[in-house]
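Positions are given from 1 along the sequence. Only heavy atoms go into these numbers, but all of them, side chains included; no hydrogens, no water, no symmetry mates.
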Amino acid sequence: AMDGAPPPTSPAGLSAYVAVSQLLGLTLLATTGAWLGRYRGGVAWHGPLQFNVHPLCMVLGMVFLQGDALLVYRVFRHEAKRSTKALHALLHGLALAVALVGIVAVFESHRRKGIPDMYSLHSWCGMAAFVLYLLQWLLGCGFFLLPGASFALRSHYKPHHVFFGVALFILSVAACLLGITEMLLFNISDSYSRFVPEGVLANTLGVLLVAFGLVVGYVLTREDWKRPPLAEELALSMDFKTLTEGESPGGGS
């Protein structure tokens, strides 16, 4: 834009989809809060309400923040790659921290009430999502944020990183859906089939989770909405490649 050219714009439709995703994400959090507050007694770290910290943290961390971390490269299209990358890593790190609080809450709550751990499908999928997400984050930081990984290694790892990013987001949404079902069957199994308000509200939360996942997934998979490399990045990656691989900037080795 220094030579008087108009500032770069986002592709048509992208902003609208991102806005819808944020609206859905905030509605998700509000609906989770409404369910726990209205029907489950609220949220507290100490005492019998500690369990309720778990669903709130998992929806906030493993769904909303994880989804937003994935959208960073679509939203911040014209900012320096380094700062976009740092924000991407920071949001994922924040999501992990929030999710960890949620996991500690459920284990402590179970221990106090004498409830067994890790026997349900929800807990298996949820723990797999969290552990793999942590691994994905550590590998991502190692390959893309810290200096040292060669250009060839980064190029080879990137498709795996992208695939597992989307796969773990899907697994996280699925684990939340299983968790909602489990919570309803534990708490209102006798009245759930009669369309009681709590059941309808929790089902609505599930539908919102799916909608948020679909909107984020659509934005991520639209080929023409991918972040275009900036001119200085292309030059930089060529220099980087030359330095690390001994290739000429023209691409010949």
S.K.: Is there a side-chain contact between Thr181 and Tyr192 (heavy atoms, below 4.5 Å)?
M.R.: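 Heavy-atom side-chain distance check fails, nothing below 4.5 Å.
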S.K.: For the OH atom on Tyr119, are there more than 12 heavy atoms of other groups (residues, nucleotides or ligands in this structure) within a distance under 6.0 Å?
M.R.: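 Yes, OH of Tyr119 has more than 12 neighbouring heavy atoms, counting only those of other groups under 6.0 Å.
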S.K.: Report the distance from atom CG of Leu91 to atom CG of Leu96, rounding to the nearest 0.5 Å.
M.R.: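 Result: 11.5 Å between the selected atoms.
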S.K.: NE2 of His161: more than 12 outside heavy atoms within 6.0 angstrom?
M.R.: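 Atom NE2 in His161 is packed in, count exceeds 12.
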S.K.: Is the shortest heavy-atom distance from the side chain of Lys81 to the side chain of Phe76 under 4.5 Å?
M.R.: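 Sidechains of Phe76 and Lys81: no contact.
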S.K.: Look up atom OG in Ser109 and atom CG in Asp117, then write down how far apart they are to the nearest 0.5 Å.
M.R.: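 Reported value, rounded in 0.5 Å steps: 9.5 Å.
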S.K.: Using a 3.5 Å distance criterion without hydrogens, assess whether the side chain of Arg40 forms a donor-acceptor pair with backbone atoms of Trp35.
M.R.: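 No, the answer is negative, given that no donor and acceptor are paired below the 3.5 Å cut-off.
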S.K.: Is the backbone of Pro229 close enough, under 3.5 Å, to the side chain of Arg77 for a donor and an acceptor to pair up by distance?
M.R.: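 Pair absent, no side-chain N/O of Arg77 close to backbone of Pro229.
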S.K.: What's the verdict on side chain to side chain contact (heavy atoms under 4.5 Å, CB included) for Glu79 and Leu87, showing C-alpha distance, side-chain angles and the deciding distance?
M.R.: CA-CA 11 Å; Glu79 282 68 25; Leu87 180 62; over 6 Å; no
S.K.: What's the spacing between His92 NE2 and Tyr133 OH if we round to 0.5 Å?
M.R.: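 With rounding to 0.5 Å, NE2 (His92) is 4.5 Å from OH (Tyr133).
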S.K.: Phe64 and side-chain contact (heavy atoms from CB on, under 4.5 Å): which single residue from Val216, Val59, Leu26, Leu209 fits?
M.R.: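 The option that passes is Leu26.
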S.K.: For residues Asp68 and Val75, determine if any side-chain heavy atom of one lies less than 4.5 Å from a side-chain heavy atom of the other.
M.R.: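 No - every pair of side-chain heavy atoms lies 4.5 Å or more apart.
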S.K.: Looking only at heavy atoms, what is the nearest atom pair of Val53 and Ala44, with distance?
M.R.: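 Heavy atoms only, the tightest pair is CG2-O, 3.7 Å.
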S.K.: Please tell me if the side chains of Leu201 and Pro197 come closer than 4.5 Å, counting only heavy atoms from C-beta onward.
M.R.: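 Leu201 does not reach Pro197 side chain to side chain.
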S.K.: If you look at every heavy atom in Arg74 and Trp225, which pair is closest and at what distance?
M.R.: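 Heavy atoms of Arg74 and Trp225 come nearest at CD-O, 3.1 Å.
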S.K.: Within the supplied structure, the quantity of interest is the number of heavy atoms (other residues, nucleotides, ligands) at a distance under 6.0 Å from Trp124 CH2; does it exceed 12?
M.R.: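 Open: at most 12 neighbouring heavy atoms sit under 6.0 Å from CH2 of Trp124.
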S.K.: Please report the closest heavy-atom contact between Pro48 and Lys113, naming both atoms and the distance.
M.R.: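 Heavy atoms only, the tightest pair is O-NZ, 3.5 Å.
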S.K.: Leu168 and Gln66: side chain to side chain contact (heavy atoms under 4.5 Å, CB included), yes or no, with the steps?
M.R.: CA-CA 9 Å; Leu168 288 171; Gln66 183 179 179; 4.0 Å; yes
S.K.: Flag yes if Leu135 and Phe130 sit in one hydrophobic cluster, no otherwise; membership is Ile, Leu, Val, Met, Phe, Trp, Tyr, and two members link when side-chain heavy atoms are under 4.5 Å apart.
M.R.: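 Result: no, two separate clusters.
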S.K.: If you round to the nearest 0.5 Å, how far is CD1 of Ile103 from CE of Met127?
M.R.: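 Interatomic distance, Met127 CE to Ile103 CD1, rounded to 0.5 Å: 4.5 Å.
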S.K.: Leu29 and Val207: same hydrophobic cluster, using ILVMFWY side-chain contacts below 4.5 Å?
M.R.: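 No, because Leu29 and Val207 fall into different hydrophobic clusters, even though each may have its own neighbours under 4.5 Å.
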S.K.: Consider only side-chain heavy atoms of I, L, V, M, F, W and Y, link residues closer than 4.5 Å, and tell whether Tyr157 and Val166 are in one cluster.
M.R.: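 Result: no, two separate clusters.
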S.K.: Might you confirm whether atom NZ of Lys226 has over 12 heavy atoms from other residues, nucleotides or ligands at distances under 6.0 Å?
M.R.: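 Yes, the 6.0 Å shell around NZ holds more than 12 heavy atoms from other groups.
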S.K.: For residues Tyr17 and Phe169: do they belong to one hydrophobic cluster (side chain heavy atoms under 4.5 Å, members Ile, Leu, Val, Met, Phe, Trp, Tyr)?
M.R.: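 Tyr17 clusters together with Phe169.
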S.K.: Please determine whether side chain to side chain contact (heavy atoms under 4.5 Å, CB included) holds for the pair His54 and Phe107, giving the CA-CA distance in whole Å, both sets of side-chain angles, and the decisive distance to 0.1 Å.
M.R.: CA-CA 9 Å; His54 176 72; Phe107 277 108; over 6 Å; no
S.K.: Minimum heavy-atom separation for Cys125 and Leu178, please, with both atom names.
M.R.: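 Smallest heavy-atom distance, with atoms named: SG-CD1, 4.0 Å.
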S.K.: When you group the ILVMFWY residues by side-chain heavy-atom contacts below 4.5 Å and let the links chain together, are Leu70 and Leu139 in the same group?
M.R.: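 Looking at the clustering, Leu70 is in a separate group from Leu139.
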S.K.: Does a side-chain heavy-atom distance below 4.5 Å link Pro11 with Asp224?
M.R.: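 No; the side chains remain at least 4.5 Å from each other.
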S.K.: Are Asn52 and Met183 side-chain neighbours, meaning at least one heavy-atom pair lies under 4.5 Å?
M.R.: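 The answer is yes, as the side chains (C-beta and beyond) meet within the 4.5 Å cut-off.
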S.K.: Show the nearest heavy-atom pair for residues Ala129 and Ser172, with the distance to one decimal.
M.R.: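 Minimum heavy-atom contact is CB-OG, 4.0 Å.
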S.K.: Please assess Asn203 against Leu184 for the test side chain to side chain contact (heavy atoms under 4.5 Å, CB included), listing each intermediate value before the final yes or no.
M.R.: CA-CA 9 Å; Asn203 285 358; Leu184 289 172; 3.9 Å; yes
S.K.: Answer yes or no: are there more than 12 heavy-atom neighbours, outside Phe164 itself, under 6.0 Å from its atom CZ?
M.R.: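 Counting other residues, nucleotides and ligands, CZ of Phe164 stays at 12 neighbours or fewer.
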S.K.: Do the rings of His110 and Phe51 sit parallel, tilted or perpendicular, given the 30° and 60° boundaries?
M.R.: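 It falls in the parallel class, under 30°.
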S.K.: Please check if atom CZ in Arg222 has more than 12 non-hydrogen atoms from other residues, nucleotides or ligands closer than 6.0 Å.
M.R.: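 It does: Arg222 CZ has more than 12 such atoms within range.
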S.K.: Could you check whether any side-chain heavy atom of Ile180 comes within less than 4.5 Å of a side-chain heavy atom of His122, counting everything from C-beta outward?
M.R.: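 In short, these two side chains do not touch, never coming nearer than 4.5 Å.
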S.K.: What is the minimum heavy-atom distance between Ala105 and Trp45, and which atoms define it?
M.R.: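 Scanning both residues, the minimum pair turns out to be CB-CZ3, 3.6 Å.
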S.K.: Supply the atom-to-atom distance Leu65 CG to Leu90 CG, rounded to the nearest 0.5 angstrom.
M.R.: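 Output value for this atom pair is 10.0 Å.
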S.K.: Inspect the surroundings of CZ in Arg112 and state if more than 12 heavy atoms from other residues, nucleotides or ligands are less than 6.0 Å away.
M.R.: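 Atom CZ in Arg112 is crowded, with more than 12 foreign heavy atoms closer than 6.0 Å.
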S.K.: For the backbone of Ala89 and the side chain of Trp137, can you confirm whether one donor and one acceptor N or O come within less than 3.5 Å of each other?
M.R.: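 Yes: the side chain of Trp137 pairs with the backbone of Ala89.
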S.K.: Show your working on ring pair (Phe, Tyr, Trp, His ring centres under 6.0 Å) between His88 and Phe144 and close with a plain yes or no.
M.R.: CA-CA 11 Å; His88 178 71; Phe144 301 116; 8.9 Å; no
S.K.: Quick check for you: to the nearest 0.5 Å, what is the distance between Leu153 atom CG and Phe143 atom CZ?
M.R.: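 Leu153 atom CG to Phe143 atom CZ measures 4.5 Å (nearest 0.5 Å).
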S.K.: Mind checking whether Leu208 and Leu24 have side chains closer than 4.5 Å, heavy atoms only?
M.R.: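 Yes; the side chains approach each other to less than 4.5 Å.
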